[in-house]
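For ligands, and for the atoms within them, numbers begin at 1 and follow the listed sequence.
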Amino acid sequence: MPGEVQRGLEDVVALESRICFIDGREGRLLYRGYDIRDLAAHATFEEVAYLLWHGRLPTAAELGELKRQLEALRSVPDELVRELYELPMGANPMDVLRTAVSALAIYEPEQAGPGPSSIGGAQHLTAALPTILGAYHRRRMQLPDLVPRPGLSHAAYLVYALLNREPTELEARAVEVALILHADHDLNASTFAARVTASTLSDLYSAVTSAVGALKGPLHGGANERVVELLEEIGTPEKVEGAVRAKLARHERIMGFGHRVYKVEDPRATILREWSRRLGEAKGNLRYYRLLEKMVEVVHREKGLYPNLDLYSGSVYTLLGVPIDLFTPVFAASRVVGWTAHVLEEYDDLRLIRPVSRYVGPTDLVYAPVGERS
Ligand code: ACO
């Protein structure tokens, strides 16, 4: 018989992993044993990707090789680009991304795995997500089509692909830090979705397609979009208090606050807050930063909740000029590294993930032919 129901699988330990450690009480986050604060201060996104996939930091030669590989893997089949151009230009970019990841599998079945060859798929998906997003976004905005731009880091290429301009050094580092902070987070909903799919011995691209679908939801990756929408709606710091209190009185959630695992401030939020301020200062626009600081004060006082990563990511992207509906796709462009690291780990130590439910429905109903039902 099934035991106690843990709604939302809260606090359920589903598997053993060597990828990511979260201490929700102390506000600590480690990737493969390295503190996120160290990685955000010193590492590149490519180094973090290597770390998550391979379990250790790369040597200089290995890092150089990975950078070359990622740059070489940025292109996607022409047929896929044509398919992207055929999609409705008003589509939700997360739907576009999910469709493209799913379609990419058809063009490269040998990379999809499952098995050790999936590392090729992991690298291609990571390298190609900015290209997919850039190709679609540029077309819908009537910007010039995306053409290769050699020599850019992954973070700088993401900005170039989306915005048709190279970032400044400060912008590139802000994006790189945001990518590092989003790269993995243990068994969050989208990673769990990826692992469930991989655990059936399905392929890597199917697992990532599942993950993109899970990330789309506003309780997960979609929260940062709602944060910026709320900031635009509120407008000025003086109006924050009234707006937040009114939302709480209506029992509405304030996006960007609270977390299933962290009982203190999300350490990623602490780091990104600083980048939101630095970028705001550099651009002479501290409006978002000031609104956010006021929100943090009011939400904590009224509800005892702390900010999560999503509170600050939207302000960083907005200051760069990234449109709101690309925030979650940018999240995906980073988290794909974590998803694929978890899928590789799942293939390595496979056990079909198949929980049970406690059935609470009726058990003694008798079938009646359709004509006899009222
Ligand atoms: N705003 C208002 N109240 C909140 C919020 C919030 N953001 N978060 C939690 N609460 C309240 C709940 O209403 C509930 O209050 P109650 O006990 O009075 O009913 C209490 O806090 C506990 O909430 P739960 O939903 O049980 O907590 P859970 O662990 O499921 O919540 C979650 C985690 C879903 C992230 C939640 O905090 C939330 O909805 N936050 C807003 C969405 C968000 O920012 N998501 C991004 C997460 S981080 C990421 O994906 C990178």
Side-chain angles (χ1 to χ4, degrees), residues 5-12 14 20 22 24-25 27-29 31 36 40 94 177-194 210-231 233-234 240-273 275-276 291-292 294-317 324 326-339 342:
V5 174
Q6 296 294 342
R7 291 190 70 232
L9 300 185
E10 188 162 356
D11 293 330
V12 170
C20 183
I22 306 172
R25 305 222 160 263
R28 275 183 88 211
L29 169 61
Y31 291 170
I36 194 70
M94 281 301 275
V177 170
L179 293 177
I180 290 170
L181 297 177
H182 284 86
D184 194 47
H185 212 224
D186 189 39
L187 288 191
N188 58 90
S190 56
T191 303
F192 191 58
S210 304
V212 173
L215 186 71
K216 186 184 166 193
L219 294 188
H220 190 7
N224 56 5
E225 303 183 9
R226 308 296 192 286
V227 171
V228 170
E229 281 163 9
L230 182 64
L231 294 183
E233 198 183 302
I234 294 176
V240 169
E241 177 103 31
V244 167
R245 288 169 74 124
K247 273 180 102 54
L248 292 177
R250 293 193 298 271
H251 301 288
E252 287 176 23
R253 285 181 186 233
I254 316 285
M255 295 295 148
F257 289 90
H259 199 278
R260 174 63 64 81
V261 182
Y262 294 116
K263 304 305 168 204
V264 292
E265 181 167 284
D266 178 341
R268 304 167 301 171
T270 316
I271 299 166
L272 216 52
R273 172 192 295 128
W275 278 98
S276 173
L291 280 162
L292 290 169
K294 187 68 190 168
M295 265 174 85
V296 170
E297 178 206 315
V298 178
V299 173
H300 190 255
R301 175 169 21 92
E302 296 295 318
K303 198 75 190 172
L305 291 168
Y306 292 95
N308 62 48
L309 175 67
D310 274 348
L311 189 72
Y312 294 100
S313 53
S315 64
V316 168
Y317 302 147
I324 288 185
L326 289 182
F327 293 177
T328 315
V330 168
F331 186 161
S334 160
R335 185 58 60 86
V336 67
V337 170
W339 292 332
H342 278 269

Determine whether any protein heavy atom is located less than 4.0 Å from atom 49 (C) of ligand 1. yes
Check the pair Thr191, Asp186 against side-chain contact (heavy atoms from CB on, under 4.5 Å), reporting the backbone distance first and the verdict last. CA-CA 7 Å; Thr191 303; Asp186 189 39; over 6 Å; no
Report the part of Lys303 in contact with ligand 1, treating N, CA, C, O as backbone and CB onward as side chain, heavy atoms under 4.0 Å; options are side chain, backbone, both, neither. side chain
Answer yes if a protein heavy atom lies under 4.0 Å from atom 25 (O) of ligand 1, otherwise answer no. yes
Contact with ligand 1 for Gly256, non-hydrogen, under 4.0 angstrom: yes
Using a plain distance cutoff, I'd like to know if Arg260 has any nitrogen or oxygen under 3.5 Å from a nitrogen or oxygen of ligand 1. yes
Applying salt bridge (charged side-chain N to carboxylate O under 4.0 Å, His left out) between Glu252 and each of Arg226, Arg245, Lys247, report the one that passes. Lys247
Are any of the N/O atoms on Ile254, whether in the backbone or the side chain, positioned under 3.5 angstrom from an N/O atom of ligand 1? yes
Would you say atom 5 (C) of ligand 1 makes contact with the protein, given that contact here means a non-hydrogen protein atom less than 4.0 Å away? yes
Strictly inside 4.0 angstrom of atom 19 (O) of ligand 1, do you find any protein heavy atom? no
Partner of Glu225 under side chain to side chain contact (heavy atoms under 4.5 Å, CB included), chosen from Leu326, Ile324, Leu230: Ile324
May I ask you to identify, for Leu219, whether its side chain, its backbone, both or neither come under 4.0 Å of ligand 1 on a heavy-atom basis? both
Nearest protein heavy-atom contact for atom 13 (O) of ligand 1: which residue, which atom, what distance? Arg253 NH2, 3.7 Å
Logged contact type for Asn188 with ligand 1, heavy-atom cut-off 4.0 Å, is neither
Could you tell me whether some N/O pair between Glu252 and ligand 1 is separated by less than 3.5 angstrom? no
Below 4.0 angstrom, counting only protein heavy atoms, does anything approach atom 44 (O) of ligand 1? yes
Ignoring angles and geometry beyond distance, decide whether Arg268 reaches within less than 3.5 Å of ligand 1 through its nitrogen or oxygen atoms. no
Heavy-atom protein contact below 4.0 Å for atom 22 (C) of ligand 1: no
Any N/O of Gly221 closer than 3.5 Å to an N/O of ligand 1? no
Side chain or backbone, does Phe331 bring an N or O within less than 3.5 Å of an N or O on ligand 1? no
